[in-house]
Amino acid sequence: MNLPANYERAAAEAKWQKFWDDSKIYKFDPASKAEPFTIDTPPPTVSGKLHIGHVFSYTQTEIIARYQRQLGKNVLYPFGFDDNGLPTEILTEKETGKKGAEMPREEFVQLCEATSAKYRTQFRDLWMSLGFSCAWDNVYSTISKSSQRISQRSFLDLLKKDKVDYRSMPTLWCVKCQTSFAQAEVDDVNKGTIFNYLNFSTTDGTLIPIATTRPELLPACVAMFIHPENAKYKHLIGQKAVVPLFGHQVTILADEKADPEKGTGIVMCCTFGDVTDIEWFRKHKLPNRLAFTRDGKMNELAGEFAGLGIEEARKVIIAKLLEAGLIFRQEEISAEKRVVNTHERCGTPVEYLDTKQWFIKVVDAKEDLIKQGEKVNWFPSYMGKRYRDWVDNLGWDWAISRQRYFGVPIPVWYAPDGTIIPADDSQLPVNPLVDKPLDCKGYDPATLIPEKDVLDTWATSSITPELNWRWGEKDEMPQLRPMSMRPQAHDIIRTWAFYTIVKSWFHHGDIPWKDAVISGHVIKKEVKVETQKVEGQAFERKSKISKSKDGDKFSPLRLIEEFGADAIRYWATSGTLGSDIAFDEDEIEGSSKLLTKLWNSAKFAAGFLQGFDPKAGRPKLEAVDLWALTKFDAVIKNYHAAFAKHEFFPARNGLEQFFWSDYCDNYIELVKDRLYSTDPADAERARAAKWTLYFLTLGQLKLFAPYLPHITEEIYQGLFAELEGDKSIHISKFPVVESSLVSADAAKAGELLLEVVTLVRGYKSRNNYSMKLAIDKLTLEADEDVLTDLKLVEKDVLGICKANALIFSVKKTEFIRISGTMPAGIGNVTVLAENPTTAPSSIDNVVALTDNHIIAPAFTEKTERIALAIEMDKAALLRNEVVSELKPLINEAKKAFNLKAKDACKVLYVQAPVDLLKVLETEPGQLEAAARSEKVVFNAEGKTYLPLASRPGMGVAVEN
RNA sequence: GGGCGUUUAGCUCAGUUGGUUAGAGCGCUUCCUUCACACGGAAGAGGCCACAGGUUCGAGUCCUGUAACGCCCACCA
C-alpha cells in the first residue's frame, strides 16, 4: 500500500482509459433490474473542428453519467454523430473542392461518408482521451442504415397520422445551397445597405414615390400598398402604377399593414421581398412573379438584366436608375441599424420562393406542444420559458424537405395524378430513386415518380430518443421511454429540443425525456489590454471565441496535452448550469494543483495505512475524528442534494472546500501528532486517526471520482482496490457516514479547537515566528461550558500548537490591551491586563513583571469566547532571533563556494559566546535548516568566521 | 419593440428557505523550507453586494422602478 512520489498523469490516463474500455464497466445492461438512467446525448454535428465548447458541455453530462452510475443505476450513456445532411455536404464540398450538384448523387454521397468517417474518428479520439464513459461499442450515426430506417419510420408515422403536408407555398430558400430550409435555421447578420427613393407613376403620369433596399425586385413587383387612412396618398388607391424601368403595370391597393410613417408611406409588393409580401400575396391573391431562378440569377422577367446574380443585379439596376434620373434620393443604412436574415449554414441572404415542400404541421399543435414543454423539468427552470416563447411565436410549419443529396430520403413516390404512395415499413430504409413501393396502389410502377428530396438533418436528429431506444427495431426497448435526461446547449432549444418534443408528441403522445439539462457556452474572459488605451478602452469585453483570432489557444487537444484530462474536466464543471463560462487557463492550472494536492494527501495517508485493515474493527474515535466525519457527512448530503438537480458545481465546490481546507489544512495537521507519536499510550488514538484517515481518503476519492476519473482510479487501485474489492472506483458505491459518528458536540469542540489554533497561528505569524516554534505555556480562558468542550481536544491543542503545557482558566474579567515593541528585537507584543489600575503602563514593565517568560496573549476578535495567553520559551525566542540574524551572514559565506541561499552545503561552523552557545546547542536543527547544511559545528578552531556585528563574539563559516 | 438572463473583491465566480461580522480560486502584501505537498502553509490588504424606492424587527437574498451588459425573438418597404 504505497504510492510513487509523483503522479504520472499521461501514463495513468492512457492506462485507465484502456482498462475501462477493456473491462466494459460502462456497458448498459438491458436485462438489468437496476433502475435505468438514460441520457439522450447530443450527437455532435460533423462539421469540422473540435471546439473547447464541445469539451465544456459534454464533460458536464459525462460527470452526471458517472454520478448516476456510482449511485448504482443502470446507465445508458450512448454516443452518436449527426453526420447526415447539409452540414456534412458543406464540409465535404469545402474539403474536396467538388460540388454535389455537379456529380452523380451516389458518388457525392460516398464522398460525404468518407468525410464523416474521418471526423467521427477525431471526435471519438477526443472523447476517449477525456475519459468519457460512453459505451463505445454501441455508437450510432444518423446516416447509418438503422438510423435511416427509424427516421423514415418516423416520417411514415407522421404521414399516417396526417401530421405532414405536401404543399406548394412560399418557403425560405437558400440560393447558394439551392434548398428550402426552416425558420429555426435563419440567422441574423448585420449588413449595411442603401435605401433608394424612386418614383413609380400612375398611368396619367402622377409620380408615386417609394423607398426600397432591393430595387432588383422591381421586375417582380406585383402591387403597391397604401394605408386606407393615409391622407396624403389614399386618393391613389385603386389606380394603376407603372413600374419604372420595366414598364409593367400593377394595381395600387389598400392595406392596414402599409405604415404611413415608414419610407414614403407607399410600399411596393414583390415576389417575394419579405414575409409581408407573402402575406399580401395570399391575402390579396396576387400573381406569382418570381424574377430570379433557384440558383439566384435574374430571369427573363428582368429583361436586359437576366443572368445577373441578385446582388450584382441590384448594383447594375441602381446604376441604371440613377442614370435615368429615376432615383431622387439615396440613404446609407449602417450595418448596426440593418439586420439581414441569412441561412445559418452558409450565410447567404434569405430569399422566398414558391415551391412544393413537405411540412410537419406544428402551428396547429402549438397549445399541445406548450403543454408538453411544461411537463419537462428544465434545468435551470427559466429555460422552459425560452421554449414556451419560441413555440408561442411560431408562424410557420416545420419545413423538412431539402433539395439535397446526403440525407435520409423521403420514403414516398407520386402517382401521375398526384396520389402519394408511401413505402412499407418492411422495406425500410428505402431510396425511392432506386427502389419501388411494395404496394403501388394499383398504379403502374413504371409511371410512379420517385421523391428525390431528402429529409433535413433536424428531422432525424429530432428522433435521437427513438434511435436510442431503437423504435420499431428488433432490439427495441420501449420501456426506456421517456428517457431520463436530455443534455444540450441553450442555443438549440428552439431547434433540437423543440423538434424532439414535436416528434415525441406526434408519435407517442408523450414527452421524450423527463429532464432537459441546459448548458452554456465558453466565451473569452475580460482582459486588460494596455495597448488599447489609446481608444479609451482599457478592457477587452467578454466575447465569443473566434477561430481566426484566437488560433489554437482554445484547442482541446493542446489543452489536454498540457494539463491532462482530469484538470480540463474539473474546469468544465466550474460553471453554473445554463450560463456561459469565461475561459481561463489559470483556472485549469488551479485544477491541476488540486490533483497534486489529492495525490500528496493520499500519499500521506498511505504511509500510515500500511497493513491497516478497517474491517478489523473500529477503534474509539477522538473528538477531532468525529468532527471531521460530521463535517464530511454534511458534505456528502450537500453533494447528493446538488446532483439531484444535476448541479455538478455546488456538489464539487463543497467537496473541494472540505478536502482542501478542513481535511488537508486542518484534519491532517491535527492528527499528525497522534500518528507520529511513539508513545504506546497513544496507540489507540493513532488507530482512531488511521481509521478516519482511511474512511475520509476513500470517501473523498469516491466523491471526486465522477470529476477526476483517472487520478481517483489510480489512487484507488494503488491503495484500496484489494481491500475494498470493487473492480473500479467508478462502479463503487458512494460513502455513507454512520449516524452514530455524526456528533454535534464533537463538531463544536472541533470548531473551538480551530479557533484556538487560528489564534496561535496568528500570533506566530504576526511575530514572524515559524509555526513549529515551541510554546512554553498556553493559558486558555473561556466560559465554563466552552472549556468543557475544549477539554475534549486538549491533547490536540498541545500537539498542533507545539505547546508544552496547557492551562484552562475560567473567564473572569475583561482584558485591557497594551501594545509595544519588546527590547532586544524580539518583536511586537500585545499584553492583556486584568484591570486598569494594575495594568502595566509600558512594555518594559511587562518584562519586569515576568521572570523567565514573556507574556504575549491575544484573544479572539470573532466571538470573544476564548482568550489565550501564550508564554514563549525565552531560549526558543532567543534562538529564533539569533538564527534569523545569522541567516544573511550564512548566505554571504555561501557565496564563497558559489552557492545560492537555497543551495545545500556540507558543514556550518558557528562561533558563539557561552550563553548563546547553550541556547543554540539545544536545537541545532534550526541552524541546519537555515543553512541547509548537513551538520553544525560550534566553536571550531582555525576557521575564518564572518563576524556578526550586532552580537560580539559571534560568527559563521561554511564548508562544502 | 417584446421576452429571458446577468450585474457581489483587480479578474473568474459561489452565496441554500431573508437572520449575527458577505465567501472561494486566481492576482496582490508580509512571513514560514514544517517529517504528504513551496503546484505548499500561516497571516493580511481589498466589497455602499449596479442604482433608486418599498415590504420587514432585520434585505446581497423578497417587491417595484431605472441603467448597463448578454442571449433569444420580432421588425426589415
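Each chain gets a letter, A, B and so on, in the order its sequence line appears, and its residues count up from 1. All of these numbers come straight from a predicted model, not from anything done at the bench.
- The C1' atoms of B/C26 and B/C62 are separated by 33 Å, rounded to the nearest whole Å.
- Heavy atoms of A/D392 sit nowhere under 4.0 angstrom from any nucleic acid atom.
- Counting atom types as modelled, A/N600 pairs no side-chain N or O with a base atom of B/C39 as donor and acceptor under 3.5 Å.
- Atom pair A/E261:CD and B/C75:C1' shows a separation of 16 Å (rounding to whole Å applied).
- B/C13 and B/G70 are spaced 15 Å apart, taking the P atom of each and rounding to whole Å.
- Distance CE (A/M383) to P (B/C73): 13 Å, rounded to an integer number of Å.
- Residue A/K385 has its side chain nearest to B/C4 when only B/C37, B/C4, B/A77 are considered.
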Going through the checks in order, is the salt bridge (Lys or Arg N to Asp or Glu O under 4.0 Å) test met by A/E656 and A/K597?
CA-CA 11 Å; A/E656 183 183 335; A/K597 192 81 175 169; over 6 Å; no

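- Here the nucleotide nearest the side chain of A/Y382, chosen from B/C71, B/C4, B/C37, is B/C4.
- Comparing A/E587 and A/Q657 by the nucleotide of RNA chain B that holds the closest heavy atom to each, the one mapping nearer the 5' end is A/E587.
- Comparing B/G41, B/A77, B/C39 against the side chain of A/V267 picks out B/A77 as the nearest.
- Among the atoms of the strands shown, none is found under 4.0 Å from any heavy atom of A/A602.
- Distance alone, capped at 3.5 Å, is enough to place a donor-acceptor pair between the A/W599 side chain and the A/P4 backbone.
- B/A45: no Watson-Crick or G-U partner with both key distances under 3.5 Å is found in any strand.
- For A/W660, no side-chain nitrogen or oxygen approaches OP1 or OP2 of B/G40 to under 4.0 Å.
- For A/T596, the listed nucleotide lying nearest its side chain is B/C37; candidates were B/C4, B/C37, B/U12.
- Counting non-hydrogen atoms under 4.0 angstrom, A/K603 reaches the backbone sugars and phosphates but no base.
- Using a 4.0 Å heavy-atom criterion, one finds that A/R214 contacts no nucleic acid atom at all.
- Atoms CG and CZ, on A/N666 and A/F658 in that order, are 10.0 Å from each other to the nearest 0.5 Å.
- Using a 4.5 Å heavy-atom cutoff, the side chains of A/T692 and A/Y667 are in contact.
- Spacing of C1' atoms, B/G44 relative to B/C37, comes out at 23 Å, to the nearest Å.
- Pair assignment for B/G40: B/C32, on the basis of Watson-Crick or G-U wobble contacts that are both within less than 3.5 Å.
- Separating the P atom of B/A22 from that of B/U6 is a span of 23 Å, rounded to the nearest Å.
- As rounded to whole Å, 14 Å separates atom P of B/C37 from atom CZ of A/F659.
- The interatomic distance linking A/I800 (CD1) with B/C32 (P) rounds to 20 Å, in whole Å.
- Looking at which nucleotide of RNA chain B each of A/T276 and A/D389 is closest to, the 5′-most match is held by A/D389.
- Other residues, nucleotides and ligands contribute more than 12 heavy atoms inside 6.0 Å of the NZ atom of A/K366.
- Using a 4.0 Å cut-off, no side-chain N or O of A/S661 falls inside it from OP1 or OP2 of B/A24.
- Classified by interplanar angle (parallel below 30°, tilted 30° to 60°, perpendicular above 60°), the ring pair A/W396/A/Y352 is parallel.
- Candidate nucleotides B/A42, B/C13, B/C76 were compared by shortest atom distance to the side chain of A/K262, and B/C76 ranks first.
- Here A/F225 lies out of heavy-atom contact (under 4.0 Å) with every strand.
- Considering only the side chain of A/R494, B/C73 comes nearest among B/C73, B/C71, B/A77.
- Counting any heavy atom pair closer than 4.0 Å across all strands shown, A/W390 reaches sugar-phosphate atoms only and no base atom.
- Residue A/L594 is classed as having no contact, given no heavy-atom separation below 4.0 Å to the nucleic acid.
- Between A/K802 and B/C35 there is no side-chain polar atom (N or O) within less than 4.0 angstrom of OP1 or OP2.
- The shortest non-hydrogen separation linking A/E647 to A/P650 is O-CD, 3.5 Å.
- The same atom, P, is picked in B/C4 and in B/C63; the two are 13 Å apart, to the nearest Å.
- Backbone-only contact: A/T212 has heavy atoms under 4.0 Å from sugar-phosphate atoms and none from a base.
- The partner of B/G53 is B/C63, by the rule that a Watson-Crick or G-U pair needs both atom distances under 3.5 Å.
- Across the protein-nucleic acid pair, A/L670 atom CG and B/C35 atom C1' stand 17 Å apart, rounded to whole Å.
- To the nearest whole angstrom, the two C1' atoms, one in B/U61 and one in B/G54, are 15 Å apart.
- As judged by a 4.0 angstrom heavy-atom cut-off over every strand, A/D491 is placed among residues making no nucleic acid contact.
- Distance check on atom C1': B/G5 versus B/A43 gives 40 Å, rounded to whole Å.
- For A/N393, taking side-chain heavy atoms from C-beta onward, the closest of the listed nucleotides B/C37, B/C73, B/C75 is B/C73.
- Counting non-hydrogen atoms under 4.0 angstrom, A/W280 reaches nothing in the nucleic acid.
- Atom CD in A/E656 sits about 15 Å away from atom P in B/G15, given to the nearest Å.
- In this pair, A/F612 and A/Y694 present their aromatic rings tilted. The plane angle is within the 30 to 60° band.
- Put simply, CZ on A/R652 is 12 Å from P on B/G25, counting in whole angstrom units.
- Side chains of A/S592 and A/Y570: a donor-acceptor N/O pair is absent below 3.5 angstrom, by distance only.
- B/C4 is paired with B/G70 under the criterion used here, namely a Watson-Crick or G-U wobble arrangement in which both key atom distances are under 3.5 Å.
- For A/D586, taking side-chain heavy atoms from C-beta onward, the closest of the listed nucleotides B/G5, B/C26, B/A42 is B/C26.
- Contacts of A/C269 with the nucleic acid, taken as non-hydrogen atoms under 4.0 Å apart, are absent.
- Between the CD1 atom of A/I581 and the C1' atom of B/U6 there is a distance of 15 Å, given to the nearest Å.
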